[in-house]
Amino acid sequence: MNEEDIAARNFVTTDLEKGSVSLGTKTLSLNFISRIKNDLHIEYDTCQTALREWFTFGSPATAYMIVLGNKNIELMQEDPMTNGIFKILPQCHAAPHYFKWRRPKDASVSEIRTKVIKLINKMTKLLMASVWISTGFPMRYTELSILSVGGTSRNLYVDSDTRLFYFRVTYNKNRKFDNRIFMMDLPVTRNLFWFVYILRPFEIELLSQMLDVTDSSMLIGHFTNAVRQEIEHEAEELLATDGDEFNEETNQLVETSEALIEELRTKQAAGLAVMCTCIFVDVERFKLVTLSTFNGILLKYPKKRSARENMKISGLRQCLAGLWKDIIRPSLEGDVVPVRTPALFGHSKQTHEVVYGVNPSRDFPTNGSFDDYYAYKKLAQEFQSLTQYTLVQTKRTFEALVVEPQERQCHEAEAGIYDLLKAGGELFENFEFKSSAQERFTSAVLNSNERLLALQAITAFGRSLTFILPMLALKRKQRGKYVHFVAVPYESLKMATRTKLENAGLVVGETGMLTDLHAEANLSGVDVLVGCFDSYGDAGVADAMKRCEKVFSTRRSRGIFVFDEAHVLWLEKSFRDIFHSVKGLNWKSFLKVAFVFAKLPEWLLERICQERRIENEVWEKRLYVDAVKKAPNQNIPVDVENVRKIQIVERTAAMILNYLGNSTASKAVFFFGAKATMDAVRRRVNNHEVGMVHADLDSETKRSIFDDFENPDSPARVILGTKLISNGLDCASVNCVCVIDCNMTIIEYLQMIGRIRGEGYVKVMVTRAASMRREIDEDDPLMRILRALPDSRRSLGPS
DNA sequence: ATGGCTCGCTGGATAGACGG
DNA sequence: CCGTCTATCCAGCGAGCCAT
């Protein structure tokens, strides 16, 4: 290599201050890698969840926990002669988690099959990138693409200590450094495990027809290419030596290859063999995932466009070498690293010196003669701990990422995931978690080292299950040991929560019982106490809570304390001072303190915790899970109109008729501030397509009107009501909400427009200037939340 | 340091998806 | 329905890599 060549190369430069390395204009840091990892992980998770529309199956986390991560299942001895990962851990263990069609007839719908195959293909690529980047020592593309779980070249292994997957890569480009170890981290292992053990058998089943028929095409494709090169090579030689025309017809090689291809065509099992051998198969096109596809994925991460560095495989490899040299190695303890790190990249000494500016013996002095397995493992763990999956919280938006709970020392479990699933099974037939975020949070409530747990999630997420299941599981495992507490903001929610808990099979009491005369006797069988926030501030209750041990028998201890809809603690504090009294409890003594809410950034949560005097040591051991991938209803257009009072009835009636005339299947909700207006409108549009509820009706009649409206087949398409009906109405096809001259708080407004689940629009008609009570002043942090919403939402009400 | 051989990048072509 | 955008494929080449 001459001087000019060297000068022309892009060298990696290091910025120690920022902890990053640069290649030309592109910058790589550990934080950047962790963002990529995180985003890939979330995307995979999203796809996995999307599949649940058609299937039931065990999620990666559950399946891993119960099968591969379960140390009660012994791994078979590694035997160099037996190939196939399923010899080490038989596939049958995963069978209970296999895919099942929700509606078996879907299996024959080709649109659904196409969608599913696309999703699977996407996941294949995401997983590929995850695997590649998580090890810290990225493979060459060729090495990655041929990773396999079976056959003579199988290179997936399980570390029996950590129960994590790793790859041993021998690649003939560089025989000198064979058997490099690539250790996956936990999230990647989970996903890969699920992919190989649960998704793959399903893929094979889904594609069985194609595997039977067009079966060997992917092998043939590969083979043909390889052979064609040989042929061309030979043809050239022939031409060079004696000038004969190269005749494909009579050529020996062509003959052999065609015979082989023919053989593959007839051999039905070839496609199956590939599916059982290779991991990264493009099931849409029946071939291995190509390099450009893979680079395409790398270029799309992190998700956030402005944060991308547009690095491809080679740039990343180069930068990673720089990171190891200047950032990671110095952070390792001692002066030596256990292995010659550059070896992990599969390069020679010389290449590093020249191209990467790394001198292995100078920059990575080793302490051992040979690179050994444990050393590789240690380095991979070091890298992974430096690029953890972390919460990336942007200041102004709710754009959110799921926190991957870090691995911690296990403490003794009161109950485990089995118990959660069992509890779920008692409540619902074929119970399974709706999302992995739900599953993760729920198991954290039951069993993790965190003391304070916070969950931000939308209404349909299944938030209440995240604490009901752990309560149930604890009740089964430790009967009578724990008393749990649930605090909710409103009286109506209290009743609803009571019902939910009772239906789940828990014995429920109210906080008021704590101050009863015969509290001790009454409370003996109670599992959980429900009360409004302010009831915990009541002097008598607060006192009783403080001497819990006296009120309850000494055998019982404090279980989970749940703040449901915790954002209200902040939103309403300015006008309900009594909330301030919910404090001064000995929070440390609870098994867990859990906050669940629709919207509450972590910094606000912190302030709430300070106000409730939640001890620092509890706060420090916290887990904040943000399952809101997108602020709900963010893109819904809002139209605010000032209308003269005298016109309002007529305008509203016209709007209803217009709506009924224009749309066919969707539904609309009209909220009225005054019952008189509603009645007047009702008189104008009194037909079977319009329903109406008001406070005078008894609850049964109300329910039946709701049910009628929620039923997609019924003619009822518009419902009129006061703002009270915003609780309890849940209909997926609502696409229009009209708010007619209502006095409302921001919370009520959000609740009303929350009726729209997907696309839709909001119309607000007002007659007075002060249509929204100004309970929240401009300096209130709530306004900062609202400012993150689109303008139309903020400028609600006349300015 | 040199030369040969691969790997991975490039950019145009094409098919397919998307959105108005 | 059509133009636009996006993903993928393909072929060719230059940089990267390795052996000597």
Side-chain angles (χ1 to χ4, degrees), chain A residues 1-12 23-26 43 47 50 110-111 113-126 128-129 132-133 137-147 169-178 180 217-218 220-222 224-226 228-233 236-237 240 280-301 303 305 308-322 340 342-360 635 637 759:
Chain A
M1 189 165 301
N2 61 38
E3 289 294 321
E4 279 170 25
D5 275 351
I6 294 170
R9 280 178 209 287
N10 270 326
F11 279 109
V12 174
L23 182 68
T25 56
K26 299 165 181 180
E43 197 76 7
C47 294
S110 65
E111 295 92 69
R113 293 175 64 97
T114 316
K115 275 188 196 166
V116 169
I117 288 174
K118 287 213 154 160
L119 269 172
I120 293 176
N121 247 8
K122 191 172 175 195
M123 293 178 84
T124 310
K125 294 167 201 164
L126 291 169
M128 206 170 175
W132 187 81
I133 206 161
F137 303 104
M139 295 162 258
R140 284 194 180 76
Y141 181 73
T142 328
E143 295 165 311
L144 177 72
S145 74
I146 57 168
L147 288 181
V169 172
T170 314
Y171 184 62
N172 67 5
K173 172 143 189 163
N174 195 354
R175 285 191 185 80
K176 200 169 172 186
F177 300 116
D178 62 354
R180 287 179 291 143
S217 58
M218 60 182 136
I220 294 171
H222 270 265
T224 319
N225 277 340
R228 188 178 298 129
Q229 280 177 10
E230 286 285 308
I231 293 169
E232 280 162 9
H233 184 70
E236 272 171 34
E237 282 201 347
F280 304 118
V281 181
D282 179 333
V283 286
E284 224 176 326
R285 277 159 280 269
F286 275 103
K287 44 161 72 176
L288 298 183
V289 176
T290 62
L291 166 68
S292 51
T293 312
F294 179 71
N295 267 337
I297 292 288
L298 285 185
L299 290 179
K300 280 192 209 64
Y301 286 84
K303 277 295 240 189
R305 261 166 202 275
R308 290 182 201 162
E309 295 286 351
N310 298 322
M311 281 204 258
K312 295 184 185 152
I313 197 163
S314 80
L316 280 169
R317 292 180 75 214
Q318 230 172 317
C319 285
L320 270 162
R340 277 171 297 117
L344 291 163
F345 292 87
H347 301 144
S348 70
K349 273 186 179 182
Q350 193 179 6
T351 302
H352 272 91
E353 183 81 64
V354 178
V355 179
Y356 291 71
V358 172
N359 179 328
N635 299 316
E759 300 284 297

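Naming: A, B, ... by sequence-line order, numbering from 1 per chain. Note that the coordinates shown come from a computational prediction; the quantities given were computed from them, not determined experimentally.
For Glu309(A), there are no salt bridge (Lys or Arg N to Asp or Glu O under 4.0 Å) partners two or more places apart in sequence or in a different chain.
For the OP1/OP2 pair of dA15(C) and a distance below 4.0 Å, the side-chain nitrogens and oxygens of Lys312(A) include no atom meeting the criterion. A sub-4.0 Å separation between OP1 or OP2 of dC9(B) and a side-chain N or O of Asn295(A) is present. Not one side-chain nitrogen or oxygen of Thr293(A) sits closer than 4.0 Å to the OP1 or OP2 atom of dA7(C).
Going from atom CD of Gln318(A) over to atom C1' of dA15(C) covers 10 Å, rounded to whole Å. Between the P atom of dA7(C) and the CG atom of Leu298(A) lies a distance of 14 Å, rounded to the nearest Å. For the pair Leu291(A) CG and dC9(B) C1', the computed distance is 8 Å after rounding to whole Å. Taking atom CD1 on Ile313(A) and atom C1' on dT6(B), their separation rounds to 14 Å, with Å as the unit. Distance, Tyr141(A) OH to dT6(B) P: 19 Å, rounded to whole Å. If you measure from atom CD of Glu284(A) to atom P of dT8(C), you get 8 Å, rounded to the nearest angstrom. Nucleotide dA7(C) holds its C1' atom 18 Å from the CD1 atom of Ile117(A), rounded to whole Å. Summarising the geometry, the separation between CD1 on Ile297(A) and C1' on dA7(C) is reported as 10 Å, rounded to the nearest angstrom.
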Between the protein and nucleotides 12-16 of chain B, which nitrogen or oxygen pairs come in under 3.5 angstrom?
none

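In terms of modelled atom types and a separation under 3.5 Å, the side chain of Tyr141(A) and the main chain of Thr290(A) share a donor-acceptor contact. Within the 3.5 Å criterion, the main-chain N or O of Asn310(A) finds a donor-acceptor partner in the side chain of Lys26(A). Formation of a donor-acceptor pair under 3.5 Å by the Asn121(A) side chain with backbone atoms of Val283(A) is found in this model.
You'll find the side chain of Tyr301(A) stays beyond 4.5 Å of the side chain of Ile133(A), heavy atoms only. At least one side-chain heavy atom of Met139(A) sits less than 4.5 Å from a side-chain heavy atom of Leu147(A). Under the 4.5 Å side-chain criterion, counting only non-hydrogen atoms from C-beta, Lys122(A) is in contact with Leu126(A).
Ranking dC10(C), dC18(C), dC9(B) by closeness to the Ser292(A) side chain, first place goes to dC10(C).
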